[in-house]
Colleague: 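Here it is, the structure, as structure tokens.
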Amino acid sequence: MRSLFGFGKPEDSTLTAPAAGEKSPSDSAVSQVDVPAVAPIFEIADATTGSAQVATPLSDEEKLVFDRIKADIPELIKNLPVVEPETQKYVDMEMPLDIEGWLSDECIARYVRARKGVYEDTKRALRKTIEWRAATRPHALRPDAVEIENRTGKMYFNGFDKMARPIIYMYNHRQNTKDADSQIRWVVYTMEIGIRHMRPDVEKVILAVDATHWSFSNSVSIGTARKFLDTLANHYPERLGHAIIFSPPKFFVAFYSLLSPFVDPATRAKVAFVKPDAPALEEPAANAETEADTPAPPAVPVAASNSPWIALERHFERDLLEVDCYGRWQFQYNHTLYWEAVEAEFVQYKADMLQRTAIASASSS
């Protein structure tokens, strides 16, 4: 059985320049044609740009759970596991752990919301992630340990959407590896670098998934997909803003329609489909009639409130969306240039973290 959101296999093709707003029929990351290299964007250009996706305020009951969890922090961070020798091969052991820094008020609130305000569930989930972070050091994964996973540009952070959320692009046809653990390490690295570059008022990422070449035969296994979803749900709760699926094939949409009734409503609301060449959709009036979820794009430029189909412009500026994902930004994945940016970012991040740790240690002595 195959997963719903797979990456697929690379294809050999000839690069043809798309018109503005159109999708190239080929793929820049696997094409042999030279194109001008464009650097990735890791920093948002204007800190005031975009209205952040506001987190749901905690209810009075959830606030009580939040306060109890805060009081439990000394207990939660006791007796943490060590990093096993096998894991040490992938991480920079000079990087401080800093669990207390990670365990911010915003972090605790995300876990409270994700566990529906149930105290024991929230405490258990937090402890599980704290142990996971202590044992695997996701923030300290070295670029050289995960580089193989993105040599074809199958998944990476690059730029921001209208709500200033980091965009994580996923190209289903650029798969180049089979090792599930290695693939998950790259998912974790991508989440961590995206989170590091969030504005202080931003808590979520957005996935831009190009499903143009998706098929059951070229997607990753259900086991890998389950690990991917489990990692997000267990260790990055409330971090996914939306998953936008571009140009999904009809059978993909039909398959999703069969599964969607069994998906948690909160999760289902985060998944949307885009037909990039469709006219911009307008939101229906408050008293407008709506239709049931449909397996095809709306025939008229009005978005049903309960339809999974939305306008690209709802979340993205075309000028800031990659041309390989139907935007007008002439970024096409160049591994050498992208990886230089990743390595430089990690060096700076490590230096900043060591400096903060030294300052905190001096202040406490």
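Hydrogens, waters and symmetry mates play no part in the numbers below; they use all other heavy atoms, side chains included. Here, residue 1 is the first one in the sequence, and each next residue gets the next number.
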Colleague: List the steps, then state whether ring-ring contact (aromatic ring centres under 6.0 Å, His included) holds for Phe273 with Tyr256.
Modeller: CA-CA 11 Å; Phe273 301 145; Tyr256 175 80; 5.2 Å; yes

Colleague: Ignoring hydrogens and geometry beyond distance, is a side-chain donor-acceptor pair present between Asp210 and Thr212 at under 3.5 Å?
Modeller: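 A pair is found: one side chain offers a donor N or O, the other an acceptor, under 3.5 Å apart.
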
Colleague: When the ring planes of Trp186 and Tyr189 are compared, do they come out parallel, tilted or perpendicular, using 30° and 60° as the limits?
Modeller: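 If you compare the ring of Trp186 with that of Tyr189, the planes turn out parallel.
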
Colleague: Could you tell me how the ring of Phe331 sits relative to the ring of Trp329: parallel (under 30°), tilted (30 to 60°) or perpendicular (over 60°)?
Modeller: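 Taking Trp329 first and then Phe331, their aromatic rings sit tilted (interplane angle of 30° to 60°).
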
Colleague: Taking the basic N atoms (NZ, or NE/NH1/NH2) and the acidic carboxylate oxygens, is any pair closer than 4.0 Å for Lys154 and Glu149?
Modeller: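 Salt bridge: yes.
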
Colleague: Taking the six-membered ring for Trp, are Phe316 and Phe246 parallel (under 30°), tilted (30 to 60°) or perpendicular (over 60°)?
Modeller: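 Plane angle between 30° and 60°, so tilted.
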
Colleague: Between the side chains of Asp352 and Gln348, does any donor sit under 3.5 Å from an acceptor?
Modeller: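 Distance-only check passes for Asp352 and Gln348.
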
Colleague: Are His139 and Arg196 linked by a side-chain donor-acceptor pair shorter than 3.5 Å?
Modeller: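 There is no such pair (donor and acceptor under 3.5 Å, judged by atom type) between the side chains of His139 and Arg196.
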
Colleague: With respect to Glu192, which candidate in Arg185, Arg133, Arg142 satisfies the salt bridge (charged side-chain N to carboxylate O under 4.0 Å, His left out) definition?
Modeller: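 Testing each of Arg185, Arg133, Arg142 against Glu192, the sole residue satisfying salt bridge (charged side-chain N to carboxylate O under 4.0 Å, His left out) is Arg133.
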
Colleague: Any side-chain donor paired with an acceptor under 3.5 Å for Asp72 and Tyr119?
Modeller: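 Yes, because at least one side-chain N or O of Asp72 sits under 3.5 Å from a partner of the opposite role on Tyr119.
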
Colleague: Among Tyr156, Tyr333, Trp339, which residue meets the side chain to side chain donor-acceptor pair (under 3.5 Å) test with Asn150?
Modeller: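 Single side chain to side chain donor-acceptor pair (under 3.5 Å) partner of Asn150 among Tyr156, Tyr333, Trp339: Tyr333.
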
Colleague: Are Phe42 and Tyr338 close enough that their ring centers fall under 6.0 Å?
Modeller: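 Close enough - the centres of the two rings lie under 6.0 Å apart.
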
Colleague: Under 6.0 Å from the CD atom of Glu100, do we count more than 12 heavy atoms belonging to anything else shown?
Modeller: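 At most 12 heavy atoms, drawn from other residues, nucleotides or ligands, come within 6.0 Å of this atom.
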
